[in-house]
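Read the structure below first, then the notes.
In this text, all values refer to a predicted model and were calculated from it rather than measured experimentally. Only this structure's heavy atoms are used, side chains among them; waters, hydrogens and symmetry mates stay out.
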Amino acid sequence: MTWRDVLTWAAVIIGFVAVTVWIMPGDSRSYFRLELGKPWKYGDLTAPFDFPIYKSDEMVRHERDSVMREYEPYFNYNAEVEGEQVRKFVSDFSNGIPGLTDDYISIIANRLHALYRQGIISASDCQRLATDTSRTIRLVRGKSASSVRLTALYTTKTAYERLFVDETLEQHRQILQKCDLNDYIAPNVVYDREKSESALNDIMNGIPRATGVVQKGQKVIDRGSIVDEKAYRILDSFKKENEKRGRDTKQIRMTIAGEALFVFIVMAAFTAYLSLFRRDYFEKPRSMAMLYSLMLLFVVFTSMLVRNSVLHVYLLPYAIVPIFIRVFFDSRTAFVTHFVMVVLCACMLRSPYEFIVVEGVAGMTAIYSLRELQYRSQLFKTAIFVTLASMATNFAFDLMHTATMAELDMSNYNYLVVNGVLLLFAYPLLYLVEKAFGFTSDITLIELSNTNNELLRKLSEVAPGTFQHSIQVGNLAAAIANKIGAKGQLVRTGALYHDIGKMNNPIYFTENQSGFSPHDSLSCIESAQIIISHVTDGLRMADKYNLPAVIRDFISTHHGQGKAKYFYVKYKNEHPDDDVDELLFTYPGPNPFTREQAILMMADSVEASSRSLKEYTDQSIRDLVNRIIDGQLADGFFRECPITFRDIAYAKTVLIDKLKTIYHTRVSYPELGKN
């Protein structure tokens with residue numbers, strides 16, 4: 001690895017660290033769920049600092065209600081209102097009241113004076129304060145203030161009615177009602193909003209918010225202990241105080257620095273593992289993009305659930321990540337990636353140890369139970385196994401931290417069941433992962449190998465001989481792959497499509513001929529070009545039908561950079577003195593660069609050549625297989641792929657056994673004799 005590569009990956013890791021730290025909660029210690037009457041499901045908690053025990057909202061509300069019953073709002077007595085209204089009355093009736101003597105002007109004025117001396121309040125203020133019959137107000141008269149019951153004051157309506165209680169005025173009620181005396185009754189006890197609100201704030205601020213203090217180092221609660229009302233208030237107080245302290249700039253910087261260092265160490269170790277032990281993945285950007293993206297995605301989801309105290313992180317189907325990676329990569333990479341992801345998510349939780357163990361067991365169960373995803377039933381079984389394994393692990397922790405079965409917290413088990421159901425979404429999501437990162441799963445390969453799809457059906461109709469040849473090659477190649485531990489489904493599907501280019505000129509290929517060969521009228525160069533063109537034609541056809549890249553690679557590599565030997569040798573024999581342009585007889589390649597491609601090349605060449613044997617004996621088949629594969633090995637076709645001599649030896653053995661079975665000698669049936 002060059003310094004440029006090192007700097008590039010360092011930048012990638014730093015970018016991952018920056019995004020991860022940015023989405024993490026600022027202080028995950030304050031994110032925990034409190035459930036009154038339920039066991040404390042997190043670890044033992046000791047106070048890391050002194051903090052007050054805040055009163056519950058109900059307690060504060062009760063104390064406020066008690067204070068409000070003693071609270072007296074301030075009202076000002078306005079003496080000028082009386083003078084204004086009485087003078088107005090005397091002025092309006094200076095000529096007397098029709099039907100009454102002049103003495104009644106003085107009588108009514110005296111009655112108004114008595115009402116105003118008692119105090120008149122507006123109907124709206126009275127209605128607002130009249131929630132309690134014993135309610136009192138603080139009435140300010142000049143520089144003195146006194147408590148006055150609300151019932152001792154008049155409203156404008158009750159003051160008007162009070163005028164006619166007097167026997168002198170009652171007997172002339174009909175006449176006085178025409179005088180609209182209510183026009184001379186106005187509130188002279190006025191609400192003082194500013195002074196009232198100031199007094200109320202002073203009273204409310206005087207209510208203590210805390211009932212005690214928890215000292216630093218004091219045990220708050222043990223894991224598994226029931227969260228009673230007292231413990232609930234203490235834990236809630238710790239959470240609130242922790243959130244306040246989390247806003248401190250220095251503490252925030254320390255937290256971010258710690259998270260950044262932690263994530264950097266973990267991701268650097270993960271990247272080093274890939275560069276040292278999975279070099280083929282490390283050198284493919286799409287592979288690294290998938291691994292990093294899946295981890296980052298679940299870190300984001302975990303952060304969201306941690307911030308939302310209602311939902312639990314066990315709802316997230318973390319085991320879906322090793323399932324995806326096992327399908328497209330290998331078991332070891334799936335486990336390492338899952339472990340790294342779980343560790344990153346655990347640093348945001350209050351109980352990281354239990355989380356790591358439960359999700360670690362879930363991930364291993366998913367990997368062990370799903371070696372190859374080919375059928376929907378496999379994923380269903382995996383979801384069941386993962387759910388049972390997770391619940392069993394969580395149950396083990398519960399047994400270690402609870403005294404009786406009655407104290408078990410069943411909520412976690414409900415979350416794990418939902419987790420298992422969500423794990424079933426791996427099947428449809430697999431398609432999105434394939435398209436996003438350009439991978440091909442066994443499910444897609446199985447769908448492609450369906451001979452009823454358009455392209456293979458067309459091949460069977462246009463070039464039936466080639467179609468049968470492809471099926472036979474697929475069977476041979478899959479048998480070899482299964483023997484040496486390669487990808488059998490991949491090589492079988494690749495074999496079905498490796499010769500689709502022959503559909504453009506099917507009659508020019510031996511397996512599609514019936515006694516007539518159009519090559520008889522062509523030159524060797526022309527014939528070679530037609531034969532070679534089935535590779536490029538096949539690639540164009542693969543692009544047209546959107547075949548995956550791994551299938552296109554089988555088309556381009558199944559002849560490698562070999563020659564169309566029949567026409568090449570024939571041309572050299574016919575022109576012994578001429579220089580031969582070998583490129584005219586050479587396939588475009590490239591040579592195989594995976595074990596599966598090498599297997600297909602061997603199976604294709606052997607199956608095609610076996611059709612030309614004059615007799616099918618054990619020795620003739622063995623000689624044919626050894627001659628063809630040894631020739632390919634000598635020509636260097638396998639130098640660029642990781643196939644071993646041991647794999648090649650096994651491939652020879654499988655091909656010999658399979659061909660002997662295919663071309664076994666049948667027993668002649670006896671004829672029925674005539675009597």
Between side-chain atoms of residues 591-600 and protein atoms elsewhere (two or more places apart, or another chain), which donor-acceptor pairs fall under 3.5 Å?
residue: Asn591; atom: OD1; partner: Gln561; partner atom: N; Å: 2.8
residue: Thr594; atom: OG1; partner: Gln597; partner atom: N; Å: 3.2
residue: Arg595; atom: NH1; partner: Ile484; partner atom: O; Å: 3.3
residue: Arg595; atom: NH1; partner: Asp647; partner atom: OD2; Å: 3.3
residue: Arg595; atom: NH2; partner: Gly485; partner atom: O; Å: 3.2
residue: Glu596; atom: OE2; partner: Lys487; partner atom: N; Å: 3.0
residue: Gln597; atom: OE1; partner: Phe593; partner atom: N; Å: 2.9

Quiz prompt | Qualifying side-chain hydrogen bond (donor to acceptor under 3.5 Å, both in side chains) pairs with a residue from residues 567-578, counting only residues at least two apart or across chains | solution =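 Those involving residues 567-578 are Tyr568-Glu582.
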Quick check against the 3.5 Å criterion: does [X] have a side-chain atom that pairs as donor or acceptor with the backbone of [Y]?
X	Y	value
Thr661	Asp657	yes
Arg552	Leu547	yes
Asp442	Val327	no
Asn453	Leu456	yes
Thr365	Ala389	no

Quiz item: Taking only residues two or more places apart in sequence, or in another chain, which ones meet Phe385 in a ring-ring contact (aromatic ring centres under 6.0 Å, His included)?
Solution: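 With neighbours one apart ignored, the set is empty.
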Closest approach of [X] to [Y] (non-hydrogen atoms, all atoms of both residues):
X	Y	value
Ser556	Asp553	OG-O, 3.1 Å
Pro518	Ile507	CD-O, 3.6 Å
Lys563	Thr586	CG-OG1, 3.8 Å

For the residue pair [Y] / [X], report whether a side-chain donor-acceptor contact shorter than 3.5 Å exists.
X	Y	value
His534	Asp499	yes
Ser441	Glu434	yes
Ser527	Tyr566	no
Ser533	Gln529	no

Quiz prompt | pair Ser303-Val306: side-chain heavy atoms closer than 4.5 Å | solution =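 Counting from C-beta outward, Ser303 and Val306 never come under 4.5 Å.
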Non-neighbouring partners of [X] that pass salt bridge (charged side-chain N to carboxylate O under 4.0 Å, His left out), sequence neighbours left out:
X	result
Arg611	Glu607
Arg540	Asp537
Asp623	none
Arg622	Asp618

Exercise. Please work out whether the ring planes of Phe567 and His519 are parallel, tilted or perpendicular, with thresholds of 30° and 60°.
Key: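 Because their plane-to-plane angle lies in the 30° to 60° range, the rings of Phe567 and His519 count as tilted.
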Quiz prompt | Results of side chain to side chain donor-acceptor pair (under 3.5 Å) for Thr387 - residues two or more places apart only | solution =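 Checked Thr387 against side chain to side chain donor-acceptor pair (under 3.5 Å); zero matches.
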Quiz prompt | Met503 side, atom CE; Thr466 side, atom OG1 - distance, nearest 0.5 Å | solution =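 Answer rounded to 0.5 Å: 9.5 Å.
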Exercise. Kindly compute the distance separating CG (Leu315) from CG (Leu305), expressed to the nearest 0.5 Å.
Key: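 Between atom CG of Leu315 and atom CG of Leu305 there are 6.5 Å.
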Self-check item: All pairs passing ring-ring contact (aromatic ring centres under 6.0 Å, His included) where residues 436-463 contributes a residue, at least two apart
Solution: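 Applying ring-ring contact (aromatic ring centres under 6.0 Å, His included) to every pair that reaches into residues 436-463, excluding sequence neighbours, yields Phe328-Phe439, Phe329-Phe439.
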Quiz item: Is there any ring-ring contact (aromatic ring centres under 6.0 Å, His included) pair reaching into residues 458-479, and which pairs are they, with sequence neighbours excluded?
Solution: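 Non-adjacent pairs meeting ring-ring contact (aromatic ring centres under 6.0 Å, His included): His469-His498.
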Please list, one pair per line, the donor and acceptor atoms closer than 3.5 Å that link side chains of residues 336-347 to other protein atoms, with sequence neighbours excluded.
residue: Thr337; atom: OG1; partner: Thr333; partner atom: O; Å: 2.7
residue: His338; atom: NE2; partner: Glu359; partner atom: O; Å: 2.7

Exercise. Give the C-alpha distance, both sets of side-chain angles, the deciding distance and a yes or no for side-chain hydrogen bond (donor to acceptor under 3.5 Å, both in side chains) between Gln489 and Thr493.
Key: CA-CA 6 Å; Gln489 185 58 54; Thr493 307; 3.1 Å; yes
Show me the donor-acceptor pairs, under 3.5 Å and distance only, between side chains in residues 285-300 and residues at least two apart or in other chains.
residue: Arg286; atom: NH1; partner: Gly438; partner atom: O; Å: 2.4
residue: Tyr292; atom: OH; partner: Thr271; partner atom: OG1; Å: 2.5
residue: Ser293; atom: OG; partner: Ala289; partner atom: O; Å: 2.6

